[in-house]
Structures are given as structure tokens and as C-alpha cells.
Amino acid sequence: MIREQLAWSNTEAGSCKRTTPFSWELFCRTYGRAVLVLAAAGCVVAGPLTAGAQASPYVPLDDIAYTYVDALMARGVMRELPTLERPYTEGVLRAAIDSARAGSPSAAVSSYLDALYEAIEKYAVRPATIDSGPDLPFRVRGSGDFYATAQTSGRRELMLADDRSSVRPGATIRVMTAGGPIAGSIRPLIDTRLNADPEFAGRKDRKLAGRTEDGYVSAQWKYAELFFGRVGRNWGPPTLYGLQLGNYAYTYDHLFARIGSDKAHLSSVIARLDDFQDATGATVQRYFSIHRLALRLGNWDLAGSESYLYTGVGRGFEPSLANPFNIYSLSWRNEKEDGNLGLGAELAYRSSRFGMLAAHLFIDDLQIDRCNPNCREPSSYGVTLSAEGLPLRGDQRWFTSYTRVSNLAYHTPAPAERYAIFNVGLGRGFSDYDEIMVGADLALVPRAPLRLYAAHRRQGEGDYRAPYPLPADYATTPGIFSGVVMGVTRVGLSGAARSRLVELSGDIGVNHVTNDAHVTGVSRTAFEGRLKIAVEPRWSVSF
């Protein structure tokens with residue numbers, strides 16, 4: 001956040017696993033005003049919405065479909081898709097596939113298009129044509145799959161792999177519905193891999209672990225969308241987690257609104273986060289708002305965003321911070337709305353010759369105020385630079401990226417204001433590191449995009465879940481790389497493939513670690529990887 005001198009606390013982070021039984025009273029008190037604000041905004045901008053608008057469910061970000069989307073975008077295909085904002089709906093992806101097929105693609109690209117079409121078919125719901133009657137005809141489709149995950153690490157970030165090797169079974173149940181401008185989805189997972197993940201905050205003492213990964217209803221029109229529920233969202237360069245809004249955290253319930261066209265639109269997300277117990281034992285309520293203005297100018301995608309995380313005992317949604325047309329930084333300064341303010345800027349340039357160049361800047365705390373030394377903590381920020389689809393030979397491409405997230409990013413002197421839900425970042429999952437990656441995007445096997453890469457990461461001991469430094473320590477607190485810096489060099493191969501009923505995805509490689517676990521002089525080299533194989537039965541139920 002960009003802030004003036006604030007009251008602070010160095011209290012140790014408390015438990016944030018309190019749950020509250022659902023009630024309509026609590027729902028209305030928590031989300032009611034926000035729903036009204038977003039609904040009013042949508043009605044004003046959308047105007048007379050045609051009854052014939054056709055909605056479709058989202059394709060979740062953990063589906064292998066995005067491996068194909070990334071490979072296709074790197075080869076200059078699907079230029080109509082937004083570069084910096086995901087997920088996409090099944091209908092949008094299907095239209096992009098049809099457009100790409102009309103452009104005489106190469107054999108490798110055609111195989112990717114075929115595999116992508118099959119991958120998103122499980123999310124397809126095709127309602128009947130709307131008649132002249134008063135009722136909208138809805139269709140419902142149910143399907144599922146069975147899968148197994150083999151991994152050498154319970155932690156999902158393989159550059160920071162732990163030693164919890166396992167082979168874990170799982171299953172997915174999908175129920176999608178659509179009719180007219182309304183679409184919805186329920187996708188529970190039964191996944192015993194969750195029991196081995198140190199970043200999963202749910203119960204781990206059950207033989208069958210599970211969670212609702214997606215569950216939402218969405219109203220989609222030509223110039224507006226209103227959404228309530230949970231689904232993964234990512235704002236930032238493709239193939240990387242967003243710095244300000246990413247999908248590293250497990251999905252959480254939120255309200256989403258999008259108003260405008262593909263060339264200019266405003267998007268907004270607001271959510272009630274998990275509660276926090278302060279040092280006195282009081283329960284602190286936590287809320288998150290972020291909005292983003294995006295423009296498309298020829299080959300350029302540009303966006304600017306504000307995020308705000310605010311907390312308080314007994315505090316509810318603030319109307320000024322749920323209003324997508326408000327400027328949060330002005331409410332913070334002029335209306336004394338305490339909280340953690342962040343600013344972001346994104347841009348991407350797509351070229352048929354040079355692929356796709358993208359950048360994302362997140363400013364969490366930039367010291368601009370005149371104050372005594374006790375408030376001059378190091379600036380906190382994040383930056384990502386990436387290049388995808390750089391030409392090699394034929395359909396082969398190469399890519400590179402660089403990320404830096406500063407030591408004190410994603411938290412403030414107020415422990416409840418950490419930029420996280422259930423202790424996992426709303427943007428990136430880690431702070432106090434930088435990482436460079438370079439590799440080849442290979443189209444050697446039909447229907448199987450592969451990425452051969454080498455990466456190096458420098459990871460300091462800074463952590464947004466740790467107590468904030470005391471004012472007396474600001475002068476000696478590093479802006480990045482606190483404590484003993486751990487180095488991780490990884491050479492790996494990632495990718496996906498689909499054939500008939502079977503989907504295979506994974507990332508395998510070798511890590512060489514220096515100063516392992518931040519202990520000076522300790523090194524190790526180990527194979528680290530994760531493979532997932534899923535079987536999608538041909539059956540589905542539609543009515």
C-alpha cells in the first residue's frame with residue numbers, strides 16, 4: 001500500500017481458520033450492499049439487454065485447456081482473446097477455435113486446436129433456442145473424471161519443493177447449467193493430494209479430502225457480466241501468476257462485475273476473506289476489493305488496477321470500497337478508510353513476428369510521505385517481465401520471464417492486513433525472491449505442447465505471514481533478500497497431452513539447491529516433479 005504513517009502492531013500472526021455457518025441474514029449483511037452496487041452499475045451501463053444473449057460456463061484455470069491456449073497464443077493464434085485477464089468461458093474459446101481454423105493453420109497448430117476443442121467439450125452446455133414464451137429454457141449437464149497425481153512434493157511450487165512424495169487418487173464431479181444470459185457451475189473435487197499440501201487450510205485427517213473448487217452463477221450480456229461464487233481468476237501475463245490477483249490461492253467466494261466491451265472495460269472483484277484473531281483474542285473481519293480498467297488498442301493490451309484490503313472488529317463492507325467506479329486511493333486519503341492499498345499496471349504487445357511481450361508492475365508500498373525515520377520502511381513491490389512465442393524455426397518458439405517480489409510485499413504493520421486468504425497470497429504465493437526462466441516451446445509431438453526450460457530462483461527469508469519489522473529496524477531491513485538467501489536452479493520439462501479419454505499433464509525436472517532451507521553451506525540435488533493422469537468417461541447426463 002502507499003500510505004502515510006499508520007498505527008502499527010507487531011503481533012504474531014494468529015489463527016485464521018474460523019468458519020461461520022451459512023445464513024441468509026449473514027449473507028445479506030455481508031454481500032447485500034455490494035450486490036446492489038454492482039447490480040445497479042450493470043443495469044445502468046448494460047441498458048436494454050437482449051433476451052437472446054447466450055452465456056456459457058467458465059473453463060477453470062487448472063484445466064489442461066490452458067496449456068493449449070498458451071501454445072496457440074505463442075504462435076500468433078487466438079488474437080481475439082484477452083491477453084491479461086483469465087479465465088475464458090467455453091463459448092469464447094469455442095469461437096476462437098473456429099476463427100483459428102479458418103486461417104489455414106499448420107499441422108501442429110491444427111492438432112492443438114483439435115485437442116483444445118475436445119478438452120473444453122466437458123464444459124459445454126447448449127440450451128435450446130429461446131422461444132416467444134415467458135420462461136427461459138435451461139439445460140443441465142453432469143459429467144466427471146477420475147485421476148491420480150504422482151508427486152515428489154506436497155507443496156505445489158516445485159522450485160521450493162518439500163520431501164513429501166506420494167501418489168494420490170482423486171475424482172471430479174461437474175454440473176453445468178446454462179440458458180439465455182445465465183450460466184452456472186458446481187465442481188467439487190475429492191482429492192487426497194490436499195492432505196499433503198502444507199498450503200491447504202482445510203482438514204487433513206480424513207481419508208477422502210475434498211473441496212468445492214468451482215461453484216457460481218453468472219449473468220453474461222454483450223456489455224456486462226455479474227457473477228457470484230468461486231472460480232480461479234488471474235490478471236497478468238499468461239503462463240504466470242498475477243502479482244495483484246492470481247490463482248495460486250485456492251478458489252474463494254467473491255462478487256465479480258465486468259462492464260464494457262473487449263476494447264474498453266472495467267472489472268471488479270470484492271470478497272469477504274477469512275477472519276483473523278488479534279493479540280487480544282478479538283475477531284477481526286477482513287475484506288478485499290480490486291478493480292481494473294483495461295483497454296485494447298490494436299496490438300496493445302493495457303490495464304491499470306487498484307486493490308484494497310481492509311479490516312476491523314465488527315467491520316462490514318464499506319460502500320465506497322465496493323463501488324467499482326470509486327477511486328480507492330482517494331477514499332483512503334480523503335475519507336480516512338484505513339486499509340492496505342495497492343496499485344498495479346499491466347501491458348502486453350502481440351506481434352505475429354515477435355510473439356507476445358508483457359509486463360506487470362505492482363506497488364504495495366512506496367514511501368512518498370515526509371515523516372520521521374520510524375515510518376520509512378523499505379518500499380514493497382512486485383514486477384514481472386515476460387516474452388512468449390519468440391521465433392525459432394517453423395512452429396518452434398522460445399520464451400523467457402523475470403519476476404521480482406520484494407521482502408515486505410503483501411503485508412503491513414497491521415497483521416490482519418496481510419494480502420492473503422487462509423495464509424496463501426491473493427497474488428503470488430511467496431515474497432522476497434526473484435526468478436529468471438528461459439526455455440523452448442516445442443511443437444514436436446502432435447496434440448502435446450512441451451516446454452523445456454531452465455530457471456534460477458533466489459529466495460530470501462522474508463514472508464508476508466511473518467511479523468512486520470519494528471520501526472527501529474527499518475533502516476537495517478533489506479528491500480529484498482533478507483536473511484540467508486537460498487538458491488534454486490531447475491532444469492525441467494512441462495506440458496500436457498490429450499488422447500481420446502485420457503489427459504496427461506505435468507512438470508518434471510531436477511533441482512539443485514544451495515543454502516537449502518536457508519542454512520549456509522547446505523546443498524542438495526534432487527529430482528522434483530508432478531504428473532497427473534485423468535480419465536474422462538464418455539458418459540454424461542443432460543436434461
Side-chain angles (χ1 to χ4, degrees), residues 1-23 25-34 198-203 249-250 252-253 270-289 307-322 328 331-333 335-342 364-365 369 371-378 380 407-426 431 461-474 477 482:
M1 82 180 168
I2 303 175
R3 64 177 181 274
E4 298 178 10
Q5 186 173 3
L6 298 176
W8 58 272
S9 168
N10 65 329
T11 306
E12 187 77 29
S15 170
C16 56
K17 296 184 179 179
R18 176 178 178 269
T19 59
T20 303
F22 178 83
S23 72
E25 179 183 359
L26 177 62
F27 176 88
C28 294
R29 187 168 62 249
T30 303
Y31 289 104
R33 286 182 291 181
E199 295 166 326
F200 176 60
R203 288 182 56 182
Y250 284 99
Y252 51 91
D253 294 314
I270 59 177
R272 188 183 191 279
L273 305 180
D274 53 306
D275 293 342
F276 180 85
Q277 301 291 329
D278 67 14
T280 67
T283 299
V284 179
Q285 281 72 46
R286 305 172 64 244
Y287 303 89
F288 175 63
S289 297
S307 60
Y308 210 80
L309 199 155
Y310 56 102
T311 69
V313 177
R315 191 172 184 179
F317 268 120
E318 302 288 348
S320 60
L321 300 177
Y328 301 153
S331 288
W332 161 72
R333 185 174 292 273
E335 299 162 20
K336 302 185 185 302
E337 294 277 13
D338 291 338
N340 183 357
L341 172 70
D364 192 22
D365 182 3
D369 301 307
C371 58
N372 62 58
N374 284 344
C375 69
R376 293 180 180 173
E377 66 268 37
S380 53
N407 177 19
L408 299 182
Y410 299 138
H411 68 317
T412 77
E417 289 181 358
R418 65 185 58 172
Y419 201 83
I421 181 167
F422 291 111
N423 273 340
V424 180
L426 295 164
S431 58
E461 295 188 57
D463 190 333
Y464 53 83
R465 290 156 288 215
Y468 206 78
L470 298 173
D473 298 327
Y474 287 166
T477 299
S482 65

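These figures come from a predicted structure and were not determined experimentally.
In this structure, S380 OG and Y468 OH are separated by 5.5 Å, a value rounded to the nearest 0.5 Å. Between T477 atom OG1 and L470 atom CG the span is 9.0 Å, to the nearest 0.5 Å. To the nearest 0.5 Å, atom CG of residue D253 and atom CG of residue L273 are 11.0 Å apart. For the atom pair OH (Y410) and CZ (R465), the distance works out to 12.0 Å, reported to the nearest 0.5 Å. Rounding to the nearest 0.5 Å places CD of E318 at 9.5 Å from OG of S331.
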**OP:** Starting from the C-alpha separation in whole Å, work towards a yes-or-no answer on side chain to side chain contact (heavy atoms under 4.5 Å, CB included) for Y250 and V424.
**Re:** CA-CA 8 Å; Y250 284 99; V424 180; 5.6 Å; no
Subject >> Chi angles and distances behind the side chain to side chain contact (heavy atoms under 4.5 Å, CB included) call for T283, Q277 >> reply: CA-CA 5 Å; T283 299; Q277 301 291 329; 3.1 Å; yes
**OP:** Begin from the C-alpha positions of Y252 and D274 and carry the test side chain to side chain contact (heavy atoms under 4.5 Å, CB included) through to its verdict.
**Re:** CA-CA 10 Å; Y252 51 91; D274 53 306; over 6 Å; no
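The aromatic rings of Y287 and Y310 lie parallel to each other, their planes meeting at an angle below 30°, with 60° marking the opposite boundary.
Counting only heavy atoms from C-beta outward, the side chains of V284 and P415 never approach each other to under 4.5 Å.
The heavy-atom pair separating N407 from H411 by the smallest distance is O-CE1, 4.1 Å. The two atoms that bring D473 and P469 nearest to each other are CB-CB, 4.4 Å, heavy atoms only. S431 approaches A409 most closely through the heavy-atom pair CB-O, 4.1 Å. Contact detail for Y328 and S307: the closest heavy-atom pair is CD1-C, 4.4 Å. Across every non-hydrogen atom of G462 and S482, the tightest pair is N-OG, 2.9 Å.
Between the side chains of R418 and N423, at least one donor-acceptor pair of N or O atoms lies under 3.5 Å.
S289 is linked by a side-chain hydrogen bond (donor to acceptor under 3.5 Å, both in side chains) to nothing, counting only residues two or more places apart in sequence or in another chain. Applying the side-chain hydrogen bond (donor to acceptor under 3.5 Å, both in side chains) rule to T311 yields no partners; only residues at least two apart in sequence or on another chain are considered. Residues meeting the salt bridge (charged side-chain N to carboxylate O under 4.0 Å, His left out) test with R203, sequence neighbours left out: D205.
Side chain of N340 to backbone of L309: no donor-acceptor contact under 3.5 angstrom is found. Using modelled atom types, one side-chain atom of Q285 and one backbone atom of G314 make a donor-acceptor pair closer than 3.5 Å. Here the side chain of R286 pairs a donor or acceptor atom with the backbone of A416 at under 3.5 angstrom.
In summary, the aromatic rings of Y419 and F288 are positioned with their centroids under 6.0 Å apart.
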